[in-house]
K.L.:
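My questions will all concern the structure given below.
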Amino acid sequence: MNEKKDDFKPYIPAEKITPEFTVTSIVMGIILAIVFGAANAYLGLRVGMTVSASIPAAVISMGVIRVIMRKDSILESNIVQTVGSAGESLAAGAIFTMPVLFLWAKEGITGAPSLITISLIALCGGVLGVLFMVPLRNALIVKEHGVLPYPEGTACAEVLLAGEEGGSSAKTVFIGMGLAALFKFIVDGLKAVPGVVTAPIKALKTELSAEVYPALIGVGYICGPKISSYMFAGGVLGWFVLIPAIITFGAGTVLYPGTETIADIYAANGASAIWSFYIRYIGAGMVAAGGIISLIKSMPLIASTFVEAMKGMKGAGKAGNRRTEQDIDMRFVLAGIVVLILAIWLIPAIPVSFLGAILIVLFGFFFGAVSSRMVGLVGSSNNPVSGMAIATLLFSTLVLKISGQVGAAGMVGAISIGSIICIVAAMAGDTSQDLKTGYILGATPKKQQIGELIGAVISAFTIGGVLILLDKAWGFGTTELAAPQATLMKMIVEGVMNGNLPWALVFIGVFIAVVVEILGIPVLPVAIGLYLPLELSSTIMIGGIIRWFVDKKKGKEKDEAGAGVLFCSGMIAGEGLVGILLAILAVLGFTEKIDISGSVNTGIIGGIVLMALMIFCVAKFAMSKDKKVSNEK
């Protein structure tokens, strides 16, 4: 993964033409987009997290195309995962914000959103997310190759390559998949082992925790020790500096959004409640500031890439263009963005004003670029899309309030803007991850981008029905569908409109980002570590430590695309597959039947033992002498 751009050779050379954008790949991709989109919508509304569908879609497509249909086309399988993963990403963006409209309808603040309103908002966000990413592909995927690891995009490519090449490489990937699938099923299916291991630290009034999930270790291993340590530093700042400080200095204070004293909140629910009430706002401010800093620093590269794309418009489609360098025509991209923005403004079913449409253009491109870079660092599953939505809602609600758009109309307008931006960020991140996979394999970017657009359109018209169905079945904000992210968004919009949002917390995050930037440390990974729960960054750090240990032992032969990366790629894939399976089982009502936590409860000891077993497996395979998968064919 450390090849320079000029030295890199994709698996399928640019001169070679193989089946790619076929009827088989598109139909399979559409089916997977619908299934993964619906499954992830339920999962996200239930627990507040979604699972990436790129790798599961790649594995399924590889099985159908290679094993059942006996076709030998890795690029065809790549198009299937490209289209299929679009459903998951669009669903992830939609469920963080759109349920707010249903919650307000139940409170009598607004009317219930229609199917056409939900679908059009999702459609505009999904298509814009893909279009905003097109001019960024060369800057982020090509010129940053070897700098941004794109762990899931790389893992997806490794899975497809392993299936293509067979032998020891495939064996390593599939062993990783099988073990991770088993671990995930034990934790989240059987629930015989807790998903989080927590050790309270009473002297500091905080806790140290780590999730017992194989994919997080895999992400940390692929990202490496440096990025993992930046994320962990953010977690340490939040849980071992800010939380103890808040509890120590503000014990008797009632600080909004809390309704009790900080001491009472801590006594009732521990340090995690302090994180939920206060640190997330600080993290959101830091993520927003880090995103702005990152965009400013990347602007020269983005601008030069955009200028190059504009200059190349006249030559678009000519024989001189290499297949692996072809993007959608920039004229189509610009025209599509203009048409969509006008549609957002003029179509009555989309409750967004002209000012809101302008905000969508500005925030859309900004967070599209930020999201694409962030998934390059930590992967789609750990991309804090909701943090970007929070930043968007803070600013857009404030602007609408200043412009006189207040009350129910202002709040609906703000959440609609936030919904579109949230979907834009999710789709841009997914698109860049898929384009990274395609870059490694030698896919045609233009065909992948068209596949993403197809997946976005299909998923947009699916998600509306899914949300309405789930609302009628259980209702948002209930025990069955807590919709934790959406309830937070609702609180933010109402807080800004009513003038009681904790701006001090947000700006604390902004100035922490400034300090980190002055120190010369990359802001975004630290901000992500602060915004996400500590248990995520702790486990990612474990993966990073294993990678550091393995690279130190191997010396010059660092594990760039060797057994360790292959095994961890398989672990990410295995957990993703079981995550989708468990989501489907949850929809069908089978999860309670396989839950054995009532009779078998290993507690923290079981979690530690399982974590140790995962660490042993990764280290064992990483130190093996398996032949590397070559991306330089």
K.L.:
Quick one: pull up OH in Y213 and CD in E535 and give me the separation to the nearest 0.5 Å.
P.N.:
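One finds 9.5 Å between OH of Y213 and CD of E535.
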
K.L.:
Nearest 0.5 Å, what's the CG-CD1 distance between L242 and I282?
P.N.:
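Nearest 0.5 Å value for the CG-CD1 distance: 5.0 Å.
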
K.L.:
Under the side chain to side chain contact (heavy atoms under 4.5 Å, CB included) rule, what do Y11 and L160 come out as? Steps first, then yes or no, please.
P.N.:
CA-CA 11 Å; Y11 181 75; L160 288 170; over 6 Å; no

K.L.:
Does the side chain of V526 reach to within under 4.5 Å of the side chain of M231, using non-hydrogen atoms?
P.N.:
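SC-SC contact between V526 and M231 ruled out.
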
K.L.:
What's the separation between atom CD1 in I440 and atom CG in L435, rounded to the nearest 0.5 Å?
P.N.:
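So the CD1 of I440 and the CG of L435 are separated by 11.5 Å.
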
K.L.:
Going by heavy atoms in the side chains, are V187 and E211 under 4.5 Å from each other?
P.N.:
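Not in contact.
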
K.L.:
Does any N or O in the side chain of S276 come within less than 3.5 Å of the main-chain N or O of S272, such that one atom is a donor and the other an acceptor?
P.N.:
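Checking the backbone N and O of S272 against the side chain of S276, no donor-acceptor pair under 3.5 Å is found.
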
K.L.:
Could you measure the distance from the CZ atom of R280 to the CG atom of L530? Nearest 0.5 Å is fine.
P.N.:
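If we round to the nearest 0.5 Å, R280:CZ and L530:CG are 11.5 Å apart.
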
K.L.:
Measure across G218 and M571 and return the closest heavy-atom pair with its distance rounded to 0.1 Å.
P.N.:
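Smallest heavy-atom distance, with atoms named: N-CE, 4.3 Å.
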
K.L.:
Side-chain contact test, heavy atoms from C-beta onward, threshold under 4.5 Å: evaluate it for V212 versus P194 and give yes or no.
P.N.:
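In short, these two side chains do not touch, never coming nearer than 4.5 Å.
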
K.L.:
Considering all heavy atoms of both residues, which atom of S538 and which atom of F232 are nearest to each other, and what is their separation?
P.N.:
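Shortest heavy-atom contact: OG-CE1, 3.7 Å.
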
K.L.:
For S371 and A425, work out which heavy atoms get closest and say how close.
P.N.:
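Scanning both residues completely, I find the closest heavy atoms to be OG-O, 2.6 Å.
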
K.L.:
What I'd like to find out is whether the side chain of E452 reaches to under 4.5 Å of the side chain of D430, using heavy atoms alone.
P.N.:
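Yes, side chains in contact.
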
K.L.:
Quick one: does any side-chain atom of Y150 pair with a main-chain N or O of S372 as donor and acceptor, under 3.5 Å?
P.N.:
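At least one qualifying donor-acceptor pair exists.
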
K.L.:
Can you name the nearest heavy-atom pair linking D595 to L190, along with the distance?
P.N.:
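The answer is OD1-O, 3.6 Å.
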
K.L.:
Do the non-hydrogen side-chain atoms of T431 and R137 ever get within less than 4.5 Å of each other?
P.N.:
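When only atoms from C-beta onward are counted, R137 and T431 do not touch, as no gap falls below 4.5 Å.
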
K.L.:
Can you list, pair by pair, the side-chain donor-acceptor contacts under 3.5 Å of residues 196-208, counting residues two or more places apart and other chains?
P.N.:
residue: T206; atom: OG1; partner: W239; partner atom: O; Å: 2.6

K.L.:
Take T82 and D434, measure what side chain to side chain donor-acceptor pair (under 3.5 Å) needs, and give me the verdict at the end.
P.N.:
CA-CA 6 Å; T82 298; D434 291 339; 4.6 Å; no

K.L.:
Go through the steps to decide whether F183 and L613 satisfy the test side chain to side chain contact (heavy atoms under 4.5 Å, CB included), and finish with yes or no.
P.N.:
CA-CA 10 Å; F183 295 149; L613 187 58; 3.8 Å; yes

K.L.:
Return the orientation label for the F567 and F621 ring planes: parallel under 30°, perpendicular over 60°, tilted otherwise.
P.N.:
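Correct class here is parallel.
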
K.L.:
Please tell me if the side chains of V375 and K436 come closer than 4.5 Å, counting only heavy atoms from C-beta onward.
P.N.:
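They are not in contact (no side-chain heavy atoms under 4.5 Å apart), so the answer is no.
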
K.L.:
Would you say S537's side chain and L534's backbone share a donor-acceptor pair under 3.5 angstrom?
P.N.:
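Yes, because the side chain of S537 sits within donor-acceptor range (under 3.5 Å) of the backbone of L534.
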
K.L.:
Applying the side-chain contact (heavy atoms from CB on, under 4.5 Å) criterion to L441, which one of T324, I74, I12 satisfies it?
P.N.:
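Considering T324, I74, I12, a side-chain contact (heavy atoms from CB on, under 4.5 Å) with L441 is found only for I74.
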
K.L.:
May I ask you to decide if Q433's main-chain N or O and E152's side chain share a donor-acceptor pair within less than 3.5 Å?
P.N.:
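Here the side-chain-to-backbone pair does not exist.
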
K.L.:
Is there a side-chain contact between L536 and L216, using heavy atoms and a 4.5 Å cut-off?
P.N.:
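With C-beta onward as the side chain, the pair touches.
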
K.L.:
What's the shortest heavy-atom distance between A527 and M286, and which atoms?
P.N.:
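Closest approach of A527 to M286: CB-CG, 3.5 Å.
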
K.L.:
Between CG of L75 and OG1 of T437, what distance do you get to the nearest 0.5 Å?
P.N.:
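If I round to the nearest 0.5 Å, the distance is 11.5 Å.
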
K.L.:
Do side-chain atoms of S432 reach the backbone of G429 as a donor and acceptor pair under 3.5 angstrom?
P.N.:
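Yes.
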
K.L.:
Taking side-chain hydrogen bond (donor to acceptor under 3.5 Å, both in side chains) as the test, write out the residues that go with E517, two or more places apart.
P.N.:
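E517 satisfies side-chain hydrogen bond (donor to acceptor under 3.5 Å, both in side chains) with K297 once adjacent residues are dropped.
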
K.L.:
With side chain to side chain contact (heavy atoms under 4.5 Å, CB included) as the criterion, how do I615 and I546 come out once you've worked through the C-alpha distance, each side chain's angles and the decisive distance to 0.1 Å?
P.N.:
CA-CA 8 Å; I615 294 170; I546 299 172; 3.9 Å; yes

K.L.:
Using a 4.5 Å cut-off on heavy atoms from C-beta on, say whether the side chain of M614 contacts that of L610.
P.N.:
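Touching, per the 4.5 Å side-chain cut-off.
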
K.L.:
Nearest 0.5 Å, what's the CD1-CG distance between I141 and L136?
P.N.:
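The CG atom of L136 is 9.0 Å from CD1 of I141, to the nearest 0.5 Å.
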
K.L.:
With sequence neighbours excluded, what pairs up with S459 under the side-chain contact (heavy atoms from CB on, under 4.5 Å) test?
P.N.:
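Result, side-chain contact (heavy atoms from CB on, under 4.5 Å) vs S459: A33, L90.
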
K.L.:
Looking at every heavy atom in both S229 and M541, which two are closest together, and how far apart are they?
P.N.:
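The pair with the smallest heavy-atom distance is CA-SD, 3.4 Å.
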
